[in-house]
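Only one structure is covered here, and it is reproduced in the block below.
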Amino acid sequence: MRAIEITQPGPADVLKLCERPMPVVKAGEVLIKVHAAGVNRPDVFQRQGNYAPPPGASDIPGLEVAGEIVDGDLDYTTLDIGDHVCALVQGGGYAEYVVAPIQQVLPVPKGWSMLEAASIPENYFTVWSNVFDRAQLTAGETLLVQGGSSGIGVTAIQLASAMGHRVFATAGSDDKVAACMKLGAERGINYKTEDFGAVVKSLTNDRGVDVILDMVAGDYLPREVSCLADDGRIAIIATLGGGKATLDMAQVLRRRLTVTGSTLRPRSVEFKGAIAKKLKERVWPMMAERKLKPVIHTVFPLEQAAAAHALMESSSHVGKIMLQVI
């Protein structure tokens with residue numbers, strides 16, 4: 001099969017088209033003929049040599065795909081050979097075929113194309129796990145999304161606003177701010193020209209927000225603590241701004257704040273399967289009604305994966321960057 005491999009750690013051009021053996025299906029897995037795959041920031045980190053695949057995972061990058069089931073263990077499932085599905089995988093998505101644990105495989109939402117469906121898994125699994133499970137965003141609460149124009153960001157904005165929450169989002173240009181507001185953010189904040197903490201406090205009568213989804217960390221963290229409401233929670237999913245921060249622990253103690261974080265890729269199949277069940281129950285109906293929509297910035301053919309990574313690193317996109325395999 002055709003696949004994209006990382007020939008050595010380095011810049012985008014170390015990604016090369018190659019021929020690889022077909023993956024072998026094990027018990028509890030299905031073989032998917034890939035039509036499209038999503039490009040995500042962890043793929044870039046892996047290519048740079050900063051995010052090794054978990055033990056047993058493919059060294060081929062790619063964490064989300066959509067395609068057709070062609071083989072596998074379909075016992076105890078409603079899925080069948082030939083079904084169109086999307087899946088979260090530990091790696092191997094930049095290829096013509098990939099194996100996926102059946103628990104992490106979901107049907108393509110009604111009315112969605114394969115390309116659109118491939119943009120779902122990584123971001124929706126991540127947002128649901130961190131915003132709704134870990135940070136416990138509940139009815140009547142507010143959410144601040146850092147990096148609102150990213151794939152994760154546009155997902156968090158749409159999902160939280162569709163579920164009735166007030167959402168604010170930061171972005172790095174006025175155009176991106178406008179895109180965030182079009183997707184459902186009540187207020188977009190240009191972090192280059194505005195103080196997001198001051199804006200959030202002004203929008204909440206000085207109360208602050210209940211939950212912050214943070215992919216920056218670093219020096220953002222003390223500023224985020226200052227604009228949290230009492231009993232507020234920060235869910236950290238990446239450290240683009242650095243892995244170290246200074247916190248006012250007196251505030252954390254006095255106002256009962258929670259700073260938490262997680263990475264999804266190394267979690268168990270059972271953990272991810274539980275998220276998949278919640279998504280199918282709570283989110284898939286909204287997708288079928290187009291209350292949630294794909295936001296795809298650019299589509300590259302598989303062999304141009306290097307160009308896709310270069311675009312990702314430029315941060316000039318809004319939404320998802322995709323690879324078309326078929």
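Predicted model, so just to flag it, every value in this text is computed and none were measured.
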Practice problem: For the pair R20 and D59, find out whether any cationic side-chain nitrogen is under 4.0 Å from an anionic carboxylate oxygen. | Solution: yes
Quiz item: With no hydrogens and no angle check, is any side-chain donor or acceptor of Q324 less than 3.5 Å from a backbone partner on I326?
Solution: yes
Quiz prompt | Side-chain donor-acceptor pair present, D43, Y94, cut-off under 3.5 Å | solution = yes
Quiz item: side chain to side chain donor-acceptor pair (under 3.5 Å) between T138 and E141: does it pass, once the steps are laid out?
Solution: CA-CA 6 Å; T138 54; E141 292 189 327; 3.2 Å; yes
Self-check item: Expected output: side-chain S58 to main-chain I60 donor-acceptor under 3.5 Å
Solution: yes
Self-check item: Transitive ILVMFWY side-chain link L203 to Y220, under 4.5 Å
Solution: yes
Quiz item: Would you call the rings of H165 and F132 parallel, tilted or perpendicular, where under 30° means parallel and over 60° means perpendicular?
Solution: tilted
Quiz item: Taking atom NE2 of H297 and atom CD1 of I321, what is their separation to the nearest 0.5 Å?
Solution: 7.5 Å
Exercise. Treat each ILVMFWY residue as a node, draw an edge where side-chain heavy atoms are under 4.5 Å apart, and state whether V39 and V14 are in one component.
Key: yes
Exercise. Would you check, one step at a time, whether the test side chain to side chain donor-acceptor pair (under 3.5 Å) holds for E313 with Q48?
Key: CA-CA 11 Å; E313 291 180 280; Q48 294 170 336; 3.1 Å; yes
Quiz item: Which side-chain hydrogen bond (donor to acceptor under 3.5 Å, both in side chains) pairs, counting each pair once, include a residue from residues 66-89, with sequence neighbours left out?
Solution: none
Self-check item: Results of side chain to side chain contact (heavy atoms under 4.5 Å, CB included) for T170 - residues two or more places apart only
Solution: L144, Q146, I189, Y191, F196
Quiz item: If you round to the nearest 0.5 Å, how far is CG of N123 from CG of L159?
Solution: 11.0 Å
Practice problem: Would you please name every residue forming a side chain to side chain contact (heavy atoms under 4.5 Å, CB included) with N205, sequence neighbours left out? | Solution: none
